[in-house]
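Because only heavy atoms are used, hydrogens play no part in the values below, and waters and symmetry mates are left out as well, while side chains stay in. Note on naming: letters A, B, ... go to the chains in the order of the sequence lines (proteins, then strands), and numbering restarts at 1 for each one.
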Amino acid sequence: MKLYNTMSRKVEDFKPIEDHKVGMYCCGPTVYNFAHIGNLRTYVFEDILRRTLEKNGYKVKHVMNITDVGHLTGDGDDGEDKLEKRSRETGRSVWDIAAFYTEAFMKDTASLNIKRPGVICKATDHINEMIGIVKMLEDGGHTYISGGNVYFSIDTIDDYGKLAKLNLDELKSGARISVDDNKRNPKDFVLWFTNGKFKDQVMVWPSPWGVGYPGWHLECSAMSMKYLGRHFDIHCGGIDAIPVHHTNEIAQSEAATGEKPWVNYWCHGEFLINDKGKMSKSSGEFLTLSVLVEHGYDPLDYRYFCLTGHYRSQLKFSYEALDHARSARQGLNEKVASLKKDVQPDPVLSEKAASYRDAFYDAMSNDLHAPQALAALWSMLKDQDVSDGNKLALLLDMDSILGLGLDAVEAEKAESVPEEVLSLVKERAEAKKNKDFAKSDEIRDRLAAMGWSVKDTPKGPVVAKIV
RNA sequence: GGAGUCGUACCCAAGUGGCCUAAGGGGACGGUCUGCAAAACCGUUUUUUCAUCGGUUCGAAUCCGAUCGACUCCUCCA
């Protein structure tokens, strides 16, 4: 299996630390609002990665955090905690807000067929672990206290910014954020706040440095190491996390434990954009999954849409493009339904069928080339040299990665058709037999008005509910 | 100001030196079938074309340069 590693900027052969096992940490949501569909694209990508690893025989320990404290708004380190802000705006407690949006996030990801990570951990449950890391950093001489806050000093390590390939000299000259006088180096970041801008902060904890709350980057270091160890295989997130969040995670993790590298493979998903650019949660207007559902789309239409582009390319969202994905997925579902009606899956593949299977898995195992894998799937479906039994078996197998819910698609059946409809269909067949087409067409219109379509096949008429 | 990515046929989107006379999906149109439809299947839209202009090469959508355009990051962000 091959994976693109942001650290090396190359596609590399994936080699786990332990045979047949993978430890994978994915940055989760900050639960102060609904996830928009751009956020969700990243979780779909991570799910596809996990499923592909599993298909390649790895047992994946998938850890995802829930950020419910410490994620600040605005520039620099002087913003307000996002949860606190939301709480003030709505009059609800921060804990309510976090619980509500965590629940919403779980619902969204479940409806997208995203497998639930084995460990889902909340930042507020791991304050002690975070304090432990700050202590380790303090012991190692990587911190200083200024203006009441504990800072990480990036000048105490010699490879700060290696993931993002930051050129520190140039960054300083081009910095646009206002300089925080408390920092020795503008790129230093807060590990522990005791002197937040907002005195009425609700979520605070005691610490050796005073009552306060942790910096945002700390939680991912603390929780990933708690569940996956001081050195693990894969760390995922959106590309925006590279220059700041992941850069700081690496700095504090490697400085705290002395273990390098902390993570072997860094995998990042590109943005979903629209005609105006990227969707941003903080800029106000954004599309959520429930908005798509209100427009009549199935969440899996969006999942299919995500699969039509490669995860490292920007994907342009439009309702037109989503329509295309929906049509394609419906076609796939219909095909599966009709196959299920006629045949049982036949896992004994012909040579031809096996070649499509190989093309599919080669594409997925080569840095998750889902669009190519889908092409292999469709070519297989259209190939008349592949038996229907093989087709069905292959589709269901491929879907263990694609996650389009093909196993849940039911075989076409006419059972639940109301008696009234059935008798009309019979009547129409009779009229057709007598070549009374005016009457048969009239009955067809009546059926359509009742919400049923009728198709004449060589085997006789077939009724189906109009969707 | 600095760093980087991208521009592929009607739309989305693969492909990153020869097997490309460019996957796959969607749409549209045409055909087969049908009393007519729908569905299904087949074909066309896709023979020198991959933003534009130059260059390298026996050979380029794929490499290099310039130009135009779009986007991202350096600041919270998936």
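Relative orientation of the A:Phe105 and A:Tyr43 rings is perpendicular, given thresholds of 30° and 60° on the angle between their planes. By the 30° and 60° cut-offs, the orientation of the rings of A:Tyr319 relative to A:Phe317 is perpendicular.
Here the side chain of A:Asn65 pairs no donor or acceptor atom with the backbone of A:Ala123 at under 3.5 angstrom.
Separating the C1' atom of B:C10 from that of B:U49 is a span of 15 Å, rounded to the nearest Å. Only the P atoms considered, B:C50 is 23 Å distant from B:U5, to the nearest whole Å. Atom name C1', nucleotides B:C19 and B:C12: the rounded distance is 26 Å, in whole Å. For the C1' atoms, the distance linking B:G15 with B:C29 amounts to 28 Å, nearest Å. Taking atom P on both B:G25 and B:G65, the two are 37 Å apart, rounded to the nearest angstrom. Of the P atoms belonging to B:G17 and B:A61, the separation is 13 Å, rounded to the nearest Å. Here the separation of B:G18 from B:A60, taken at their P atoms, is 11 Å to the nearest Å. Rounded to a whole angstrom, the distance from the C1' atom of B:A9 to that of B:U72 is 27 Å.
In this structure, of B:A78, B:C41, B:U75, it is B:U75 that holds the atom nearest to the side chain of A:Val244. Comparing B:G35, B:A14, B:G26 by their nearest atom to the side chain of A:His369 picks out B:A14. Checking B:G35, B:C74, B:C11 against every side-chain atom of A:Pro243, the shortest atom distance belongs to B:C74. Relative to the side chain of A:His324, the nucleotides B:G35, B:C12, B:A78 differ in distance, and B:C12 lies closest. Comparing B:G25, B:A23, B:C36 by their closest approach to the side chain of A:Ala375 singles out B:A23. The nucleotide whose nearest atom lies closest to any side-chain atom of A:Asn39 is, among B:A78, B:G26, B:C76, B:A78. The A:Ser379 side chain lies nearest to B:G24 when the options are B:G24, B:G15, B:C41. Taking only side-chain atoms of A:Gln372, from C-beta outward, the nucleotide of B:A78, B:A14, B:C41 with the closest atom is B:A14. In the set B:A78, B:U75, B:C12, B:C12 carries the atom at the smallest distance from any side-chain atom of A:Thr308. When distances run from any side-chain atom of A:Ser313 to the nucleotides B:G26, B:A14, B:C12, the shortest one goes to B:A14.
Residues A:Arg428 and A:Phe271 each lie close to RNA chain B; by heavy-atom proximity, the contact nearer the 5' end of the strand is made by A:Arg428. Nearest-nucleotide positions on RNA chain B place A:Gly331 closer to the 5' end than the other of A:Gly331 and A:Lys432.
Taking 4.5 Å as the limit, some side-chain heavy atom of A:Trp262 sits within range of a side-chain heavy atom of A:His235. In this structure, the side chains of A:Asp68 and A:Val94 stay at 4.5 Å or more apart for every pair of heavy atoms.
No hydrogens or angles were tested; on distance alone, nothing pairs the side chain of A:Arg312 with the base of B:C6 as donor and acceptor under 3.5 Å. One cannot find a donor-acceptor pair under 3.5 Å joining the base of B:A38 and the side-chain atoms of A:Arg444. You'll find a donor-acceptor pair under 3.5 Å spanning the side chain of A:Asp441 and the base of B:G35, going by distance alone.
Across all strands shown, the partner of B:A51 is B:U67, judged by Watson-Crick or G-U wobble contacts whose two distances both fall under 3.5 Å. The partner of B:G59 is absent, by the rule that a Watson-Crick or G-U pair needs both atom distances under 3.5 Å. In this structure B:C41 sits in a base pair with B:G31, meeting the Watson-Crick or G-U test at under 3.5 Å.
Residue A:His268 is out of contact with every strand shown, counting any heavy-atom pair closer than 4.0 Å.
Evaluation of A:Trp378 against the base of B:G24 yields no stacking contact (centre distance < 5.5 Å, interplanar angle < 30° required).
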### Task
Mind running side-chain contact (heavy atoms from CB on, under 4.5 Å) on A:Cys236 and A:Leu49 for me, showing each step along the way?
CA-CA 10 Å; A:Cys236 301; A:Leu49 172 57; 3.7 Å; yes
